[in-house]
Amino acid sequence: MMTTNVFVYGTLRKGGRLSAHMRRDGVEFLGSGEVAGFALYDLGSYPVAAPVPQSGSWVRGEVYRVDAAALANLDRVEGVPTLYRRGPTGVRMDRGAPEWLMADIYYMA
């Protein structure tokens, strides 16, 4: 079964208004961490991350392992490719092994 790590930082995080999408079959919480090279912007009802290479900025969030069906659902919820795009980034995990892992992040289209 194919799985993908996904980094979430806004409404999909625990306690966020869309967090129910992260509590379903095919989704496993891996831990919290942060990604470099992105900045968060408040669009009112939700935040959006935008790439800002060489900025030194970090975005905090959570990492989940999702199966193909859960990933397709998240892409739909996030409006890929018109509202958001999804791409790989390195995540520095808070604790445990591995210290770094790769995950997809939803960012501003």
Does a side-chain heavy-atom distance below 4.5 Å link [X] with [Y]?
X	Y	value
Tyr41	Pro47	no
Tyr107	Val48	no
Thr11	Arg13	no
Val63	Met93	yes
Tyr64	Leu30	no
Leu18	Tyr46	no
Leu12	His21	yes
Glu28	Met22	no

Show the nearest heavy-atom pair for residues [X] and [Y], with the distance to one decimal.
X	Y	answer
Ala49	Ile105	CB-CD1, 4.4 Å
Glu78	Tyr84	O-CD1, 2.9 Å
Ser45	Arg17	O-NH2, 3.3 Å
Val91	Ala103	CG2-CB, 3.8 Å
Ala70	Gly26	CB-O, 3.9 Å

What's the spacing between [X] [atom1] and [Y] [atom2] if we round to 0.5 Å?
X	Y	atom1	atom2	answer
Arg65	Leu101	CZ	CG	8.5 Å
Thr89	Asn5	OG1	CG	12.0 Å
Leu40	Arg60	CG	CZ	11.5 Å

Discussion item. If the condition is side-chain contact (heavy atoms from CB on, under 4.5 Å), which residues does Asp75 pass it with, not counting sequence neighbours?
Written reply: Leu71, Val80, Arg86, Tyr106
Item to complete: State plainly whether the residues Asp104 and Arg85 are in salt-bridge range, i.e. N to O under 4.0 Å.
Response: no
Worksheet item: Going through the checks in order, is the side-chain contact (heavy atoms from CB on, under 4.5 Å) test met by Val35 and Trp58?
Response: CA-CA 5 Å; Val35 299; Trp58 291 82; 5.6 Å; no
Fill in: Glu62 (side chain) donor-acceptor with Lys14 (main chain) under 3.5 angstrom
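It does hold such a pair.
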Worksheet item: Would a hydrophobic clustering, with Ile, Leu, Val, Met, Phe, Trp and Tyr connected at side-chain separations under 4.5 Å, put Val52 with Phe7?
Response: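 Yes; tracing contacts between hydrophobic side chains, which count when under 4.5 Å, links both residues.
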Worksheet item: Do Val66 and Met102 belong to the same hydrophobic cluster, where Ile, Leu, Val, Met, Phe, Trp and Tyr are linked whenever their side-chain heavy atoms lie under 4.5 Å apart, directly or via other members?
Response: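 No, Val66 does not connect to Met102 through the hydrophobic network.
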